[in-house]
Amino acid sequence: RRPRSGSSSGSSLGAFGAVAGIVCVLALAGADPAPAHPWYASVRATCSDSAARMRCYHVRTRRRADLSVLRRLPKLRRAAELKGARIISCREHSHYPCRDAFARPFYQAGYLPWNGSWLVGENLAWSWRTSWEAFHALMHSPAHRANILHPAFRDFGVRQRSSPWGQLWVIHYGRRR
């Protein structure tokens with residue numbers, strides 16, 4: 001199990017400045033996940049009854065870290081859905097399936113273009129049996145954890161779907177000013 005890094009995309013217009021987003025791919029399978037960090041371990045229990053567990057894990061973890069809660073945005077969920085479909089149709093675990101531009105699904109879903117500054121990021125996870133295992137693995141990868149806890153992100157969209165490699169989670173983050 002090892003994470004692979006991807007790339008970022010953003011516009012440095014206006015006061016937002018040149019903030020580079022971290023975008024990562026998580027291709028992990030096999031061994032059991034490492035023990036949870038104490039500061040976010042309770043998140044699992046508080047989200048046990050939630051139908052949208054991945055979002056719940058993000059919300060609770062960011063609250064525990066004194067960060068703003070990510071707003072669920074249909075356009076980012078749609079972008080995540082489009083990216084997941086493209087990953088499966090191209091049969092590539094990549095931020096650039098079929099050599100697409102990284103930001104392609106953000107544009108297709110209408111999240112971009114934006115007249116002001118913007119920042120987008122993405123985490124991918126697959127082959128985990130549960131959303132907690134996927135989230136836990138993301139939190140144990142410094143680059144993926146950086147996306148989850150990035151203080152500039154305000155918007156969120158996630159799509160989980162079946163794939164030839166097991167469950168696939170595409171998680172999109174963003175901020176527009």
Side-chain angles (χ1 to χ4, degrees), residues 1-8 20-73 76-88 92-97 102 105 119-175:
R1 297 180 170 206
R2 62 176 202 257
R4 291 187 272 170
S5 63
S7 66
S8 64
I22 299 170
V23 181
C24 302
V25 175
L26 184 61
L28 306 172
D32 291 332
H37 291 287
W39 71 272
Y40 78 89
S42 65
V43 166
R44 183 179 188 184
T46 61
C47 295
S48 64
D49 293 331
S50 174
R53 288 188 178 121
M54 186 62 80
R55 180 174 189 282
C56 182
Y57 299 147
H58 277 75
V59 166
R60 302 286 179 157
T61 298
R62 286 178 62 92
R63 277 190 187 149
R64 291 188 62 97
D66 292 324
L67 295 169
S68 64
V69 173
L70 297 170
R71 295 179 303 165
R72 184 175 38 194
L73 232 57
L76 281 183
R77 185 181 189 284
R78 177 70 177 139
E81 183 178 337
L82 291 167
K83 177 62 77 81
R86 196 75 171 143
I87 288 170
I88 291 169
E92 292 182 49
H93 297 110
S94 171
H95 292 289
Y96 311 95
F102 168 74
L119 175 70
V120 295
E122 175 179 85
N123 282 344
L124 303 175
W126 59 88
S127 298
W128 294 101
R129 291 174 294 156
T130 67
S131 55
W132 173 253
E133 288 176 0
F135 181 79
H136 186 68
L138 291 168
M139 286 297 291
H140 279 273
S141 163
H144 295 91
R145 185 174 53 249
N147 262 353
I148 293 167
L149 300 176
H150 197 303
F153 287 137
R154 296 291 183 267
D155 305 326
F156 174 86
V158 63
R159 181 68 166 107
Q160 175 188 355
R161 62 180 300 163
S162 295
S163 78
W165 316 281
Q167 289 300 306
L168 169 66
W169 285 267
V170 178
I171 307 157
H172 280 171
Y173 308 92
R175 177 149 188 191

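Rounded to the nearest 0.5 angstrom, I148 CD1 and F153 CZ are separated by 11.0 Å. E133 CD to Q167 CD: the interatomic distance, rounded to the nearest 0.5 Å, is 11.5 Å. Atom CH2 of W169 and atom CG of L138 lie 9.5 Å apart (nearest 0.5 Å). Atom CD of residue Q160 and atom CD1 of residue I171 lie 9.5 Å apart, to the nearest 0.5 angstrom. Note that the CH2 atom of W126 and the OG atom of S163 stand 9.0 Å from one another [nearest 0.5 Å]. If you take CG on L168 and CD1 on I88, they are separated by 5.5 Å, rounding to the nearest 0.5 Å.
R55 is linked by a salt bridge (charged side-chain N to carboxylate O under 4.0 Å, His left out) to nothing, counting only residues two or more places apart in sequence or in another chain. The salt bridge (charged side-chain N to carboxylate O under 4.0 Å, His left out) search around R63 returns none, not counting sequence neighbours. Contacts of R154 classified as side-chain hydrogen bond (donor to acceptor under 3.5 Å, both in side chains), with partners at least two apart in sequence or in another chain: S68. Checked against salt bridge (charged side-chain N to carboxylate O under 4.0 Å, His left out), R60 has no partners two or more places apart in sequence or in another chain. Residues meeting the side chain to side chain contact (heavy atoms under 4.5 Å, CB included) test with R78, sequence neighbours left out: E81, L82, A109. Every salt bridge (charged side-chain N to carboxylate O under 4.0 Å, His left out) that R86 has, sequence neighbours left out, goes to D100.
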Which is it for R62 and V69 under the side-chain contact (heavy atoms from CB on, under 4.5 Å) test, yes or no, and what are the steps along the way?
-> CA-CA 6 Å; R62 286 178 62 92; V69 173; 5.9 Å; no
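With ring centers used as reference points, H58 lies under 6.0 Å from Y173.
Side-chain contact between Y57 and V158 is absent, with no heavy-atom pair separated by less than 4.5 Å. Between V120 and F102, the closest side-chain pair of non-hydrogen atoms falls below 4.5 Å.
With R159 contributing its side chain and L76 its backbone, the two residues share no donor-acceptor pair below 3.5 Å. In this structure, S127 contributes its side chain and G166 its backbone to no donor-acceptor pair below 3.5 Å. One N or O on the side chain of R145 and one on the backbone of M139 form a donor-acceptor pair closer than 3.5 Å.
Between R53 and S131, the closest heavy-atom pair is CB-OG, 3.4 Å. Shortest non-hydrogen contact noted between E92 and P97 is OE1-CA, 3.9 Å. Nearest approach of A65 to L149, heavy atoms of both residues: CB-CD2, 4.1 Å. H172 and P105 get closest at one heavy-atom pair: CE1-CG, 4.2 Å.
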